[in-house]
Structures are given as C-alpha cells and as structure tokens.
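All figures in this text were calculated on a predicted structure; none of them were measured in a lab.
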Amino acid sequence: MYSLFYGNDQVKVRQEAHSYAESILEEDQILIKIEGGTYEDGQLSSLSNGMVLFGLPPVYLLDTPSIDSLFYEELLLSLESLASSAQTFVIIENSLTAKDKKVFEKFAEKISEFKKTATDRFNAFSMADALSRKDKRLLWVLFQEAKRNKLATEEIIGVLWWQLKTMRLAKLTKTATEAGIKDFPYNKAKRALSNFKEGELENISAKLLQLYHDGHAGRRDIDLALEEWMLTI
C-alpha cells in the first residue's frame, strides 16, 4: 500500500510524512529513504514485488520522486502495483497537477495535502526536528525560511547545537532525570538516535562547532558554511 503527503507547505508535508512513517513502524522494523539522486531504474518494481524471508519488511519513504524524471515516471506507472504490494510506501511530493493528483488518488490508502497560509509563523525549532531525522532537504528549506524571517545565523546554530547536545546526552544516559532534561525532548532525542551511525553525532557536532568559530574568525562565510554542513549531515 502507499500513502501520499504533498503540497506547497513542504515543512508541514515532510513533518507529517515522517511522523506517519514513524508511527506505523513496528519494533525492529526499519525506515528506508529513496531519493531521486539514489534511485535506480526498475527499483520500484523490484521493491513492490519483493519478499522478505526473515523479519518485517522495511517501510519505504519515497522522497520527492518528481525531482527525478525517471523516478517520477516509474512511480506513476507503478501506483497500482504499490497499492497491492505487501510492502508499505510513504510518498513525499510537492504540489501536484490536477491530472497527477487523480492518478495518485485512484489507488492511495491515504492522501494528505498541506497548503501554506498567510498567517503561518516560522518555528525555529522545526529545524531541530529536521536535524534529528537527518532530513537534510527539509533542514535546508527551513534554513532559507529562517533567513527570510530575519533569524540570525548564530541563533539558528544555537537551535541546532541544542538538538545535537540533547541527542548526545540521551545517548550517554538512561533516563531524562539523569540527563537533566524534561521527559518529552529526552524521549524524542532517544528515538532519534537510531537515525545516526556510531560516531556520527560527535562528528557533525564537531563540524558545526568548527564552522561557528571559523565564521566568527572571518575564515569562512558562516551562512555558506552552515548550508554546506546541512547538506552533508
């Protein structure tokens, strides 16, 4: 089966798609992201018809297939197959044409559209959520929005540093009390640890700290350095 999350409010689209994907994961089941840059010819057909001999099959997150013409064309042709598949697919898309929307609607288990409104306010901590999910595409989009809302780069780095620090504390402790953190952010951070390989948190934390110091010392353009960092997490 497949579910679709789309619209011009990419912040909300991506947040809701990730939340939904995480909510349907069972214990020991993993989430695999497939993007345009990593898609291979015929991959959707192989996945939708594939069988898992041991354990639970992954949940597949198809991240904006439309940025890759081959990926998107094969997706539209494979929707009926995805719908009847034993595998589960969660699709993230931008705005859709009326024609494509009808194609998706024909077989979808769930469709959710999210549109921006004039009263939407920017929440800096949405960047922390994107970082905890390693969603570099959303993190970059949020960074652009943060700058349009006149947030200082130092403030943005502070939010990202707080998230990394919280996750590192969650990794080293067993309870929120031991970490000195409230239950809700601690539990979120604990769950997010599964998105990072061993040593990865420490590595990206060190790089963020270094770019902050390099920016203030005039050795690098801090905005450009932060964008580069976001796209390589």
To the nearest 0.5 Å, what is the distance between [atom1] on [X] and [atom2] on [Y]?
X: Glu93; Y: Leu62; atom1: CD; atom2: CG; answer: 9.5 Å
X: Trp140; Y: Met230; atom1: CH2; atom2: CE; answer: 10.5 Å
X: Ile157; Y: Leu164; atom1: CD1; atom2: CG; answer: 11.5 Å
X: Phe107; Y: Ser81; atom1: CZ; atom2: OG; answer: 10.0 Å
X: Ser95; Y: Asp100; atom1: OG; atom2: CG; answer: 11.5 Å
X: Ile233; Y: Asn203; atom1: CD1; atom2: CG; answer: 12.0 Å

Could you tell me which non-hydrogen atom of [X] sits nearest to which non-hydrogen atom of [Y], and how far apart they are?
X: Gln144; Y: Glu227; value: NE2-OE1, 3.2 Å
X: Gln29; Y: Pro57; value: NE2-O, 2.7 Å
X: Ser132; Y: Asn195; value: O-ND2, 2.9 Å
X: Gln15; Y: Leu138; value: CG-CD2, 4.4 Å
X: Tyr186; Y: Ala170; value: CE1-CA, 3.6 Å

Would a 4.5 Å heavy-atom cut-off, applied to side chains only, mark [X] and [Y] as touching?
X: Tyr6; Y: Ile111; value: yes
X: Asp63; Y: Arg14; value: yes
X: Ile92; Y: Gln10; value: yes
X: Lys188; Y: Asp129; value: yes
X: Thr153; Y: Lys147; value: yes
X: Lys116; Y: Val11; value: no
X: Leu47; Y: Gln87; value: no

Discussion item. Quick test of your reading: applying side-chain hydrogen bond (donor to acceptor under 3.5 Å, both in side chains), list the pairs with at least one residue in residues 158-170, sequence neighbours left out, ordered by first then second residue.
Written reply: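 Qualifying pairs, neighbours excluded: Arg168-Ser205.
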Worksheet item: What residue among Phe5, Phe104, Tyr60 forms side chain to side chain contact (heavy atoms under 4.5 Å, CB included) with Ile91?
Response: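 The single option meeting the side chain to side chain contact (heavy atoms under 4.5 Å, CB included) with Ile91 is Phe104.
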Item to complete: Decide side-chain contact (heavy atoms from CB on, under 4.5 Å) for Glu200 and Lys134; before the verdict, give the C-alpha distance in whole Å, the side-chain angles of both, and the deciding distance to 0.1 Å.
Response: CA-CA 11 Å; Glu200 199 168 17; Lys134 284 187 71 178; 2.8 Å; yes
Linking I/L/V/M/F/W/Y whenever any side-chain heavy atoms sit under 4.5 Å apart, do [X] and [Y] land together?
X: Val13; Y: Leu131; answer: no
X: Leu70; Y: Ile34; answer: yes
X: Met1; Y: Leu56; answer: no
X: Leu142; Y: Leu160; answer: yes
X: Leu231; Y: Val141; answer: yes

Would you be so kind as to tabulate the donor-acceptor pairs closer than 3.5 Å made by side chains of residues 206-215, with sequence neighbours excluded?
unit_1, atom_1, unit_2, atom_2, d
Gln210, NE2, Asp214, OD1, 2.9
Asp214, OD1, Arg219, NE, 3.1
Asp214, OD1, Arg219, NH2, 3.0

Practice prompt. May I have the step-by-step check of side-chain contact (heavy atoms from CB on, under 4.5 Å) for Leu4 and Leu96, ending in yes or no?
Written response: CA-CA 11 Å; Leu4 170 68; Leu96 297 173; 3.8 Å; yes
Fill in: Glu198 atom CD, neighbour heavy-atom count above 12 within 6.0 Å
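Incorrect, the count does not exceed 12.
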Worksheet item: Counting heavy atoms not belonging to Glu105, are there more than 12 under 6.0 Å from its CD?
Response: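 More than 12 heavy atoms, drawn from other residues, nucleotides or ligands, come within 6.0 Å of this atom.
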Worksheet item: Between Thr64 and Phe71, is a side-chain contact (heavy atoms from CB on, under 4.5 Å) present by the stated rule, with each step listed?
Response: CA-CA 9 Å; Thr64 47; Phe71 190 2; over 6 Å; no
Discussion item. Between Lys171 and Glu202 (salt bridge meaning N to carboxylate O under 4.0 Å), is one present in this structure?
Written reply: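 A salt bridge is present here (some side-chain N lies under 4.0 Å from a carboxylate O).
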Worksheet item: Should Arg137 and Glu35 count as an ion pair when the cut-off is N to O under 4.0 Å?
Response: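 Yes, this pair counts.
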Practice prompt. Begin with the C-alpha distance, continue with both residues' side-chain angles, and end with the deciding distance and a verdict on side-chain contact (heavy atoms from CB on, under 4.5 Å) for Leu76 and Tyr72.
Written response: CA-CA 6 Å; Leu76 293 179; Tyr72 194 60; 3.7 Å; yes
Discussion item. Looking only at the side chains, is there a donor atom on one of Ser112 and Tyr20 sitting less than 3.5 Å from an acceptor on the other?
Written reply: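 There is no such pair between these side chains.
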Discussion item. Suppose we screen for side chain to side chain donor-acceptor pair (under 3.5 Å). Which residues come up paired with Ser19, at least two apart in sequence or across chains?
Written reply: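 Ser19: side chain to side chain donor-acceptor pair (under 3.5 Å) contacts with Arg133.
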